[in-house]
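The first residue of the sequence shown is numbered 1, and numbering continues consecutively from there.
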Amino acid sequence: MLVLGVETSCDETGVAVYDSDRGLLAHNLYSQVKLHAEYGGVVPELASRDHVRKILPMLEQVLASADVTTADLDGIAYTAGPGLMGALMVGGAAATALGYTLGIPVLGVHHMEGHLLAPMLEDNPPAFPFVALLVSGGHTQLVAVAAIGEYELLGESIDDAAGEAFDKTAKLLDLDYPGGPRLAAMADRGNIDRFSFPRPMTDRPGLEFSFSGLKTYTRNLIEKNRGEDVLPDEQCMLDICAGFQEAVVDTLVIKCRRAMQQTGMKRLVIAGGVSANTRLREKLEVALAKEGAEVFYARHEFCTDNGAMIAYAGCQRLLAGEKNELVIAATPRWPLDKLTGLGEAV
């Protein structure tokens, strides 16, 4: 089955073509970072308008790169949620209109299921079952994955997601948007031991996360170390970034080890934007090797939002006979554990 995948959940326009026999044939991604940078965050209306401008030219480009035409397509998958309503509607409208014109099935895909399955695009994909750590700007969740669509939520953040904590802390340090990746880059040059950051909610049982208190601790630390300028000196900034990142990473690693021990599983998938964090990958691999467990993740370009993961996830469900009626599905809030397994009634 040849599937076109469309991702427009937030501030990145992603398009890809995936074949169930030949794998990923082509993909392209356009980021709106420069568009939103002057506002310090994503402006939903601007995001939607930019998706409208970019999506059709990108569809044409990706089809040409894959050396296929619309007539070759067997189905179309698009992100139906969670995400920004206006942005979701753009991708949903384009996919639904094209599918109706071609007379082929169209399916709205869960954005986080796409992230969860992104490592399946690699040469060494994980086998089921496994534990998944979904960690991004909007989500921090531990999920037991028995098969596609069979998800049990083990724990999640009760406030800020890990990526959100990175971004908010970056704002406290007056780092340019997008702040999270900039903070991580600075952390590589800092001393992780200079300040003693807490590891939130690791001193009690359970698999829930909380990062808002860590952000508050960092704010107080910045205030305490201010110099004559508004912010601490450069080395102090680097050390704060290093200590903050280490605290977030340690917290994620501790909870992942607990989840593996609790479920008895020996495979962990990390997915979402924060899964690209080099320090997180390093520490997870070391920690889980001691448990005799493996860590799987997607290549860096498929950690952030992208069309390839949507094309893959959509292909699996389209092969199982799922499809939308002639409606544009857009669900800004959509719990992952509400999805059904392949072949189950929707």
Side-chain angles (χ1 to χ4, degrees), residues 1 18 20 23-24 77 82 107 109-136 139-157 161-162 205-209 251-277 280-299 302-303 306 308-322 334-346:
M1 173 175 270
Y18 179 84
S20 56
L24 184 65
L107 181 66
V109 172
H110 195 291
H111 179 74
M112 296 310 295
E113 180 171 61
H115 276 302
L116 188 153
L117 297 176
M120 299 298 183
L121 294 165
E122 303 305 318
D123 293 334
N124 180 35
F128 297 103
F130 55 78
V131 171
L133 171 65
L134 301 178
V135 57
S136 66
H139 298 81
T140 302
Q141 298 176 322
L142 279 165
V143 182
V145 180
I148 295 177
E150 298 179 26
Y151 309 130
E152 178 190 356
L153 181 63
L154 301 174
E156 62 184 339
S157 178
L207 296 173
E208 304 298 322
F209 300 90
T251 300
L252 294 172
V253 170
I254 290 168
K255 298 289 182 156
C256 285
R257 290 186 68 183
R258 284 185 188 175
M260 303 295 283
Q261 292 166 356
Q262 179 176 309
T263 61
M265 295 185 189
K266 293 299 181 180
R267 288 178 290 273
L268 173 74
V269 164
I270 54 171
V274 181
S275 70
N277 184 283
L280 176 60
R281 292 188 179 197
E282 290 174 350
K283 297 204 78 171
L284 273 175
E285 288 182 355
V286 170
L288 294 189
K290 297 175 181 177
E291 308 281 344
E294 294 181 272
V295 182
F296 297 84
Y297 38 76
R299 71 196 79 164
F302 293 153
C303 290
N306 64 87
M309 67 183 192
I310 301 303
Y312 177 84
C315 183
Q316 308 315 305
R317 289 187 173 275
L318 286 165
L319 283 170
E322 296 185 22
W334 189 3
L336 182 66
D337 56 358
K338 298 301 182 184
L339 292 179
T340 56
L342 299 188
E344 296 180 37
V346 178

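The two residues H110 and P82 come nearest to each other via the heavy atoms CE1-CD, 3.5 Å. For the residue pair D337 and Y151, the shortest heavy atom distance occurs at CB-O, 3.8 Å. Here the shortest heavy-atom pairing between A313 and G114 reads CB-CA, 4.2 Å. Residues A259 and L207 approach most closely at N-CD2, 3.7 Å, considering heavy atoms. Between I310 and A77, the shortest heavy-atom contact is O-CB, 3.7 Å. Of all heavy-atom pairs spanning M1 and L319, the tightest one is CB-CD2, 3.8 Å.
Side-chain N or O atoms of H139 include none that pairs as donor or acceptor with a backbone N or O of M112 at under 3.5 Å. Judged by distance alone, with hydrogens and angles left aside, the side-chain atoms of K255 form a donor-acceptor pair with the main-chain N or O of E208 at under 3.5 Å. Between the side chain of R258 and the backbone N or O of G206, at least one donor-acceptor pair lies under 3.5 Å.
Listed by chain and number, the residues in a ring pair (Phe, Tyr, Trp, His ring centres under 6.0 Å) with F130 are F128 (sequence neighbours excluded).
Side chains of V145 and V269 form no contact here, defined as non-hydrogen atoms less than 4.5 Å apart. Using a 4.5 Å heavy-atom cutoff, the side chains of L154 and T263 are in contact. Put simply, the side chain of Q141 does not reach to within 4.5 Å of the side chain of S157, judged on heavy atoms. No side-chain heavy atom of S20 sits less than 4.5 Å from a side-chain heavy atom of Q316.
Between R257 and E291, at least one side-chain nitrogen of the basic residue sits less than 4.0 Å from a carboxylate oxygen of the acidic one, meeting the salt-bridge criterion. Under the 4.0 Å criterion applied to side-chain N and carboxylate O atoms, R317 and E113 are assigned as salt-bridge partners.
L284 contributes atom CG, which lies 10.0 Å from atom OG of S275 (distance to the nearest 0.5 angstrom). Remark: F302 CZ to L121 CG distance equals 6.0 Å, nearest 0.5 Å. Between the NE2 atom in H115 and the CE atom in M309 there is a gap of 3.5 Å [rounded to 0.5 Å]. Atom CG of L339 sits about 11.5 Å away from atom CD of E150, to the nearest 0.5 Å. Here the CG atom belonging to L116 is positioned 5.0 Å from the CG atom belonging to L134, to the nearest 0.5 angstrom. Atoms CD1 and CZ, on I254 and F209 in that order, are 10.5 Å from each other to the nearest 0.5 Å.
Taking the ring centre of Y297 as origin, the terminal cationic atom of R281 falls inside the region bounded by 6.0 Å and 45° from the ring axis.
Screening I270, T140, N277, L142 for a side-chain contact (heavy atoms from CB on, under 4.5 Å) involving L252 leaves a single residue, T140.
Ring-plane geometry between Y312 and Y18 is classed as perpendicular, the angle between the planes exceeding 60 degrees on a 0 to 90 degree scale with a lower cut at 30.
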